[in-house]
Amino acid sequence: MAQLGNEAEVLCLGETMSLVAPAAPVPLEEAPAFTLSAGGAESNVAVHLASLGHRVRWASRVGDDPLGRRVVGSIAAAGVDTGLVEVRSDAPTGVYFKDPGPDGTRVHYYRAGSAASTMDQDFLADEVIDAARVLHISGITPALSESCDRLIRRLLTRPRRAPISFDVNHRPALWSARQAAPVLAELAQLADVVFVGLDEAAALWGVKTAEDVRKLLDSPVTVVVKDGGEAAHALGERSTVVPAPSVEVVEPVGAGDAFAAGFLSGVLRGEDDQRCLRRGHLLAAHSLRSTEDHTTPPDAESLERWLSLDQQRWGALRFDGSE
């Protein structure tokens with residue numbers, strides 16, 4: 001069972017795989033060159049938060065192989081504490097490929113039987129979990145294995161000192177919407193902050209609006225509903241909506257993780273929902289302009305300038321630095 005050293009603001013838990021992507025945004029079968037990096041929803045959030053100056057830990061398992069060591073090394077190099085990562089000699093590190101195309105990016109997974117899928121309810125000690133100000137998990141982990149499902153249920157049902165952030169993150173390649181829908185709704189209801197895309201919620205639960213999502217998920221303190229390039233809603237005691245800035249999309253995978261990190265960064269800073277949503281939008285917009293899952297965020301001065309725009313200037317914001 002993983003133990004804790006220094007305190008962190010956020011603890012992110014979930015599988016990270018070795019990510020192979022075309023060096024240029026072209027289809028996989030046509031690409032002449034590729035990049036090899038680390039990709040995983042929860043560690044993406046961790047890397048983004050670390051780049052914003054937060055103390056973050058990432059917990060998972062990887063294989064005792066070159067890809068696993070490379071994954072851990074790259075996340076550690078980004079400023080994330082990887083001391084909770086366990087290495088398994090009996091299971092490999094998962095791999096996935098990005099396949100950009102004119103109709104969007106497809107993802108091909110090679111993760112069955114991965115080291116991360118062996119995580120179970122005994123993976124983290126209680127004092128590890130309780131030491132962080134926020135625990136961030138996602139709906140990917142319970143789809144990996146029965147033991148991973150037990151782990152997520154333990155985290156969400158145990159007495160807790162810190163809020164839990166849960167990104168629904170339905171992955172059709174892991175389980176169908178019919179299989180996932182009741183499970184993800186049940187788990188989301190147990191969290192404190194929930195992130196979900198409106199299109200994702202529509203596919204899972206047949207809802208049409210952000211308000212419909214909130215009616216379905218009525219237990220969390222805050223439900224954040226992302227409506228693509230249109231807007232994002234934070235629904236809690238009150239409803240806040242912030243339109244998305246205009247951005248030319250290079251590749252969309254990973255933008256949701258950037259949004260979650262931006263929003264959580266605002267929460268950690270004690271900001272109101274409007275600024276939290278703006279932070280989410282700004283990090284997501286930056287991510288959308290890259291084929292990488294996580295990139296260096298805008299500098300603090302630029303972020304503060306954009307965050308402080310009045311409503312009219314925010315509505316005219318293009319994420320190329322013009323307003």
Side-chain angles (χ1 to χ4, degrees), residues 1-4 7-16 40-46 49 56-61 84-86 116-171 174-175 177 179-197 200-201 204-205 207 213-226 234-236 256-257 259-261 263-264 267-268:
M1 181 178 287
Q3 302 296 316
L4 181 68
E7 182 180 350
E9 291 180 275
V10 183
L11 171 59
C12 299
L13 179 148
E15 179 173 33
T16 294
E42 301 84 0
S43 64
N44 287 346
V45 173
L49 284 168
V56 193
R57 305 201 91 180
W58 166 58
S60 189
R61 283 177 178 164
L84 297 175
V85 178
E86 296 181 352
S117 71
T118 70
M119 292 187 294
D120 58 25
Q121 66 270 23
D122 296 324
F123 175 58
L124 289 177
D126 286 343
E127 58 267 27
V128 172
I129 305 165
D130 290 336
R133 287 178 56 189
V134 176
L135 170 63
H136 180 73
I137 56 179
S138 87
I140 297 172
T141 305
L144 298 180
S145 66
E146 291 183 4
S147 64
C148 282
D149 180 75
R150 291 194 297 272
L151 168 61
I152 294 301
R153 290 177 184 276
R154 175 205 163 211
L155 295 174
L156 286 166
T157 57
R158 62 182 290 276
R160 58 184 182 253
R161 299 177 184 174
I164 294 180
S165 163
F166 180 80
D167 194 332
V168 171
N169 256 333
H170 174 230
R171 293 291 187 265
L174 291 174
W175 50 354
Q179 292 173 304
V183 177
L184 292 174
E186 176 189 3
L187 297 177
Q189 282 281 65
L190 296 169
D192 301 286
V193 178
V194 174
F195 297 94
V196 64
E200 178 181 38
L204 286 168
W205 305 309
V207 296
V213 178
R214 182 54 174 168
K215 289 177 183 177
L216 178 73
L217 304 178
D218 57 358
S219 293
V221 175
T222 304
V223 176
V224 179
V225 182
K226 301 163 289 179
L235 300 114
D257 304 326
F259 186 99
F263 189 92
L264 291 175
V267 170
L268 291 165

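Here the side chains of F123 and L155 are not in contact, with every heavy-atom distance at 4.5 Å or above. A 4.5 Å side-chain heavy-atom check between V128 and L84 finds at least one atom pair inside the cut-off. Residues C12 and V56 have side chains in contact (heavy-atom distance under 4.5 Å, counting atoms from C-beta outward). Residues I129 and R154 form a side-chain contact, since some pair of their non-hydrogen atoms from C-beta on lies under 4.5 Å apart. Here the side chains of V225 and V196 are in contact, with some heavy-atom distance below 4.5 Å. Counting heavy atoms from C-beta on, the side chains of V45 and V10 never come closer than 4.5 Å. The shortest side-chain heavy-atom distance between I137 and L187 does not fall under the 4.5 Å cut-off.
Among all heavy-atom pairs drawn from F195 and S165, the shortest one is CE1-OG, 3.3 Å. Considering every non-hydrogen atom in both N169 and D257, the closest pair reads ND2-OD1, 4.0 Å. Between F263 and A234 the shortest heavy-atom distance is CE1-CB, 4.4 Å. The minimum heavy-atom distance between V221 and R214, with the atom names listed, is O-NH2, 3.6 Å. Closest approach of A132 to A162, counting heavy atoms only: O-CB, 3.1 Å.
Residue D149 holds its CG atom at 10.0 Å from CD of Q121, rounded to the nearest 0.5 Å. A distance of 11.5 Å separates OG of S43 from CG of L49, quoted to the nearest 0.5 Å. The distance from atom OG1 of T141 to atom CZ of R171, rounded to the nearest 0.5 Å, is 10.5 Å. Between the CG atom of L184 and the CG atom of D167 there is a distance of 10.5 Å, given to the nearest 0.5 Å. Summarising the geometry, atom CG belonging to D120 is positioned 8.5 Å from atom OG belonging to S145; distances are rounded to the nearest 0.5 Å. For the atom pair T118 OG1 and R61 CZ, the distance stands at 4.0 Å (nearest 0.5 Å).
For R158, the salt bridge (charged side-chain N to carboxylate O under 4.0 Å, His left out) test picks out D126, D130, with sequence neighbours left out. By the salt bridge (charged side-chain N to carboxylate O under 4.0 Å, His left out) test, E9 pairs with R133, sequence neighbours left out. The side-chain contact (heavy atoms from CB on, under 4.5 Å) test applied to V207 returns A201, W205, D212, V213, not counting sequence neighbours. Listed by chain and number, the residues in a side-chain contact (heavy atoms from CB on, under 4.5 Å) with A177 are H170, L204 (sequence neighbours excluded). Qualifying salt bridge (charged side-chain N to carboxylate O under 4.0 Å, His left out) partners for E42, counting only residues two or more places apart in sequence or in other chains: none.
Side chain of S219 to backbone of L190: no donor-acceptor contact under 3.5 angstrom is found. A donor-acceptor pair is defined here as one N or O able to donate and one able to accept, closer than 3.5 Å; no such pair exists between the side chain of E15 and the backbone of S117. A donor-acceptor pair is defined here as one N or O able to donate and one able to accept, closer than 3.5 Å; no such pair exists between the side chain of S60 and the backbone of V85. Side-chain N or O atoms of W58 include one that pairs as donor or acceptor with a backbone N or O of G14 at under 3.5 Å.
For residues 180-194, every residue pair satisfying the side-chain hydrogen bond (donor to acceptor under 3.5 Å, both in side chains) rule, not counting sequence neighbours, is listed here: R153-E186, R160-D192, Q189-D218.
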